[in-house]
Number of protein chains: 2
Amino acid sequence: MDARQLTYFLAVVDTMNFGRAAEQLYIAQPSLSQAISTLERELGVPLFHRVGRGIVLSDAGAQLIEPARQVVRDLEAARAAARSARGLQRGRVELIAMPSPGMEPLSTLVRDFTADHPAMTVTADAAFTPEEVVQAVKAGRSELGLLGAASPPHTGGLNVLPIEDSRWS
Amino acid sequence: MDARQLTYFLAVVDTMNFGRAAEQLYIAQPSLSQAISTLERELGVPLFHRVGRGIVLSDAGAQLIEPARQVVRDLEAARAAARSARGLQRGRVELIAMPSPGMEPLSTLVRDFTADHPAMTVTADAAFTPEEVVQAVKAGRSELGLLGAASPPHTGGLNVLPIEDSRWS
DNA sequence: AATTGTTACGGCCGACGTAAGAATT
DNA sequence: AATTCTTACGTCGGCCGTAACAATT
């Protein structure tokens with residue numbers, strides 16, 4: 001029993017008609033008939049009683065409806081979780097740095113960052129003064145600035161993060 | 001994304017090791033590697049970061065764990081529901097009946113019963129006196145007796161059910 | 001050298017579609 | 001005759017295993 005079979009089962013339950021369920025699932029009607037038949041054989045219980053040209057839900061089928069809906073719902077929730085996670089991980093980071101602190105901190109930072117977030121793209125620009133760095137970040141031309149100075153200049157409303165340890169994420 | 005992939009994913013999460021997860025799933029390790037790879041491609045997000053010889057859970061992977069566990073749990077619940085339903089529906093009914101009430105009540109009873117419980121097998125034996133019927137049921141040769149008499153004879157500890165309406169289940 | 005994950009490749013099971021059949025209204 | 005489900009059969013995709021490879025400790 002897998003999620004596909006349960007989805008098919010619920011489509012039949014909702015329509016009580018193999019033909020309409022099949023077209024709503026975008027498969028041929030005999031394929032659906034075969035899928036339900038296989039599921040019934042696996043479970044050892046008929047899910048529908050074939051009466052005349054139509055079908056009636058069996059007791060076992062009735063007992064399967066709620067667990068089946070739960071599975072399908074939660075599968076959809078898992079898909080949504082994955083989709084939202086993708087949104088967070090995909091993207092690009094543009095940073096700007098000065099020459100002197102540009103080499104050592106930057107190289108290891110980028111290496112660690114890309115190791116943790118392989119789908120990310122990191123773009124680095126160059127600046128020559130701390131003021132240039134601050135300006136670029138303020139102007140939105142870069143999302144992250146890296147600078148070394150005795151006293152941080154007019155940082156405005158920017159977040160400033162001191163770097164002392166090589167371990168951070 | 002299907003339930004199989006989520007099961008595989010959780011096995012890797014629980015062991016943090018493709019090899020052990022594979023043997024716990026009774027599949028070869030490259031098959032598991034391929035399955036996870038396919039899942040990651042479908043989702044558009046890496047679930048693990050391959051660092052050196054090992055793996056580390058990614059942010060997306062962490063966010064997928066709980067929904068995945070939910071799906072697997074629910075699938076197991078659905079299986080259990082189907083199993084319990086099977087226990088109720090499978091079986092055989094052996095009944096014994098006299099000739100006179102044997103035809104009309106019996107034929108419609110069996111027809112309705114088998115229509116409602118197609119997995120059931122109904123076996124009918126014949127008797128010629130009410131005493132024979134009672135005796136057969138008492139002896140356990142039949143599970144159900146059908147008889148017509150002015151006064152029910154020594155029914156012992158048997159349950160007696162008067163038939164008046166044609167509607168019962 | 002050993003451990004661990006990936007790539008390459010081939011076989012096989014099963015899901016699906018088309019066509020034909022059976023049963024009911 | 002029309003509707004509805006089932007059976008028969010062929011095709012194709014994808015899951016899995018074996019073998020070979022790559023990378024790290």
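Every chain is numbered from 1, with letters handed out A, B, ... down the list of sequences. Only a predicted model underlies this, so the values are computations on that prediction, with no experimental measurement involved.
- Residues meeting the side chain to side chain donor-acceptor pair (under 3.5 Å) test with B/Arg20, sequence neighbours left out: none.
- In this model, the phosphate group of D/dT6 is approached by a side-chain N or O of A/Arg50 to a distance below 4.0 Å at OP1 or OP2.
- A/Gln34 has its CD atom 11 Å from the P atom of D/dT6, to the nearest Å.
- For the pair B/Leu39 CG and D/dC16 P, the interatomic distance rounds to 13 Å; values are reported in whole Å.
- B/Phe18 CZ to B/Ile36 CD1: the interatomic distance, rounded to the nearest 0.5 Å, is 5.5 Å.
- Taking the 5' to 3' direction, DNA chain C first and last meets chain A under 4.0 angstrom from a heavy atom at C/dA15 to C/dT24.
- Sorted by first and then second residue, the salt bridge (charged side-chain N to carboxylate O under 4.0 Å, His left out) pairs involving residues 39-53 of chain A (not counting sequence neighbours) are A/Glu40-A/Arg50.
- Checked against side chain to side chain donor-acceptor pair (under 3.5 Å), A/Arg73 has the following partners two or more places apart in sequence or in another chain: A/Gln70.
- For the segment residues 9-22 of chain A, no residue has any heavy atom less than 4.0 angstrom from an atom of DNA chain C.
- Among residues two or more places apart in sequence or in another chain, the side chain to side chain donor-acceptor pair (under 3.5 Å) test is passed with A/Gln29 by none.
- Between the CG atom of B/Leu75 and the CG atom of B/Leu6 there is a distance of 9.5 Å, given to the nearest 0.5 Å.
- Remark on the helix from C/dA1-D/dT25 to C/dT25-D/dA1: inter-end axis angle 20°, axes from five-pair C1' superpositions, rounded to 10°.
- Among residues two or more places apart in sequence or in another chain, the salt bridge (charged side-chain N to carboxylate O under 4.0 Å, His left out) test is passed with B/Glu76 by B/Arg79, B/Arg83.
- With sequence neighbours excluded, the residues satisfying ring-ring contact (aromatic ring centres under 6.0 Å, His included) with A/Phe9 are A/Phe48.
- One atom, CZ of A/Arg53, and another, P of D/dT4, lie 6 Å apart when rounded to the nearest Å.
- Remark: the backbone N or O of B/Asp2 is paired with a side-chain donor or acceptor of B/Gln5 at under 3.5 angstrom.
- Of the residues in residues 25-33 of chain B, those lying under 4.0 Å from DNA chain D by heavy-atom distance are B/Tyr26, B/Ile27, B/Ala28, B/Pro30, B/Ser31.
- The salt bridge (charged side-chain N to carboxylate O under 4.0 Å, His left out) check on B/Asp14 picks up B/Arg69, with sequence neighbours excluded.
- Legend: residues meeting side chain to side chain donor-acceptor pair (under 3.5 Å) with A/Arg4, ordered by chain and number and at least two apart, are absent.
- Considering only heavy atoms from C-beta on, A/Ile55 comes within 4.5 Å of A/Val12 through its side chain.
- Under the 3.5 Å distance criterion, the side-chain polar atoms of B/Ser37 are left unmatched by any main-chain donor or acceptor of B/Ser33.
- The nearest whole Å value for the distance from the CD1 atom in B/Ile55 to the P atom in D/dT24 is 16 Å.
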